[in-house]
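Below is one structure, written out as structure tokens; the observations come after it.
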Protein chains: 2
Amino acid sequence: MRDDAVHERKVGPLTFRLDLSQPLYEQILEQMRAAIARGELPLGEKIPSVREMAQALRVNPNTVSHAYQELERDGLTETRRGQGTFVTAEPARVDQFRTAIAEQAVNEFVDRMQALGFGWNDIDRLLDERKAKGGA
Amino acid sequence: MRDDAVHERKVGPLTFRLDLSQPLYEQILEQMRAAIARGELPLGEKIPSVREMAQALRVNPNTVSHAYQELERDGLTETRRGQGTFVTAEPARVDQFRTAIAEQAVNEFVDRMQALGFGWNDIDRLLDERKAKGGA
DNA sequence: CGTGTGTATTATGTGATATAATACACATGT
DNA sequence: ACATGTGTATTATATCACATAATACACACG
């Protein structure tokens, strides 16, 4: 288990977990994507400003901006100069995005397991074990 | 889909896929781990020498050495000066290692899916879809 | 006009990664 | 003894991604 000084910080309705095992902007990006995918940030919602987010996360504004620009490239948000960044992806689009991410996660997971020599039976078994232990 | 010039090179019985999306030594390390986990390199087997591997993969010997040292830290191999690097982990130990990696993969996968708001039903469904499409 | 937006620019610093060129320590076979 | 093949260590260099800092700019709104 890697701990590496995990920082948990809240900004508005969101909670971010940051550590040093990955680029900061990627962690912010991924957690923003997940928040939108979950529907936690609905259509039209204004997400925290770059400077506000930067201050809350104790991070440089440039770093937050980097993440936000990737969000826009994803087609999830839209930027309006002088106003802020808003979620503009419609629910159907968001769900499509969410599914795409999920399928990629599935593929990476299955490929990884098969590289270790596990078949479907083993995968199902290990998942059941996790199901028995873990939450949700 | 990321292509990024994937190089596939063979060395002895093994085949390596290298690209530039990750550190080279990590890719070598992970694929060596998988080969051992699969039982493709049995107990006592001498793995290719640092220089041989470096030449085959078109990579600096230091890079290969880095990967090999991590393998030894994993307790999978043992180094004998003047002789080479050998697989010294017994089958039971290898299997324990394989399971540990697999469980970590499962945990990361499940956590990621749950972060996207998917429950067990969704996970099972997406896995079934992949099962229908993909190989093995 | 003042304030709050996102963005751009320039500079600096750090760390991981990879390469190159050598040299060393050790085992083995001849 | 020697040559050869092992892993390893050292030193140097180079590159790149990442993050920060300090400013400045363009725009919207009240």
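FYI, side chains are in, hydrogens and waters are out, and symmetry mates aren't considered; it's all heavy atoms of this structure. In the text below, chain A, chain B and the rest are named by the order of the sequence lines, each starting its count at 1.
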Open item on the list: Could you check whether atom CD of Gln22(B) has more than 12 heavy atoms from other residues, nucleotides or ligands sitting under 6.0 Å from it?
Closed with: yes

TODO: On DNA chain D, reading 5' to 3', which nucleotide is the first and which the last to sit with an atom under 4.0 Å from a heavy atom of chain A, could you check?
DONE: dC18(D) to dC29(D)

Task: Distance, nearest 0.5 Å, that separates CG of Leu76(B) from CD1 of Ile36(B) - done: 5.0 Å

TODO: Grab the CG-P distance between Leu29(B) and dA18(C) for me, whole Å please.
DONE: 12 Å

Any salt bridge between [X] and [Y], counting N to O under 4.0 Å?
X: Arg33(A); Y: Glu30(A); value: no
X: Lys131(B); Y: Asp124(A); value: yes
X: Asp128(A); Y: Lys133(A); value: no

Task: Residues forming a side chain to side chain contact (heavy atoms under 4.5 Å, CB included) with Ala115(B), sequence neighbours excluded - done: none

Are any protein N/O atoms closer than 3.5 Å to N/O atoms in nucleotides 2-5 of chain C? If there are, list each pair with its distance.
residue	atom	partner	partner atom	Å
dG4(C)	N2	Gly82(A)	O	3.1
dT5(C)	O2	Gly82(A)	N	3.1

Open item on the list: Any side-chain to backbone donor/acceptor pair from Glu45(A) onto Phe86(A)? Under 3.5 Å, distance only.
Closed with: no

Open item on the list: Would you say that Leu14(B) contacts Met32(B) through its side chain, given a criterion of any heavy-atom pair below 4.5 Å between the two side chains?
Closed with: yes

Task: For Tyr25(A), all residues meeting ring-ring contact (aromatic ring centres under 6.0 Å, His included), sequence neighbours excluded - done: His66(A)

Open item on the list: Test: side-chain hydrogen bond (donor to acceptor under 3.5 Å, both in side chains). Region: residues 101-113 of chain A. Which pairs qualify, not counting sequence neighbours?
Closed with: Gln104(A)-Glu108(A), Asn107(A)-Arg130(B), Glu108(A)-Arg112(B), Asp111(A)-Arg130(B), Arg112(A)-Glu108(B)

Mind listing the N/O atom pairs, protein and nucleotides 15-17 of chain C, below 3.5 Å?
residue	atom	partner	partner atom	Å
dT17(C)	OP2	Tyr25(B)	OH	3.2

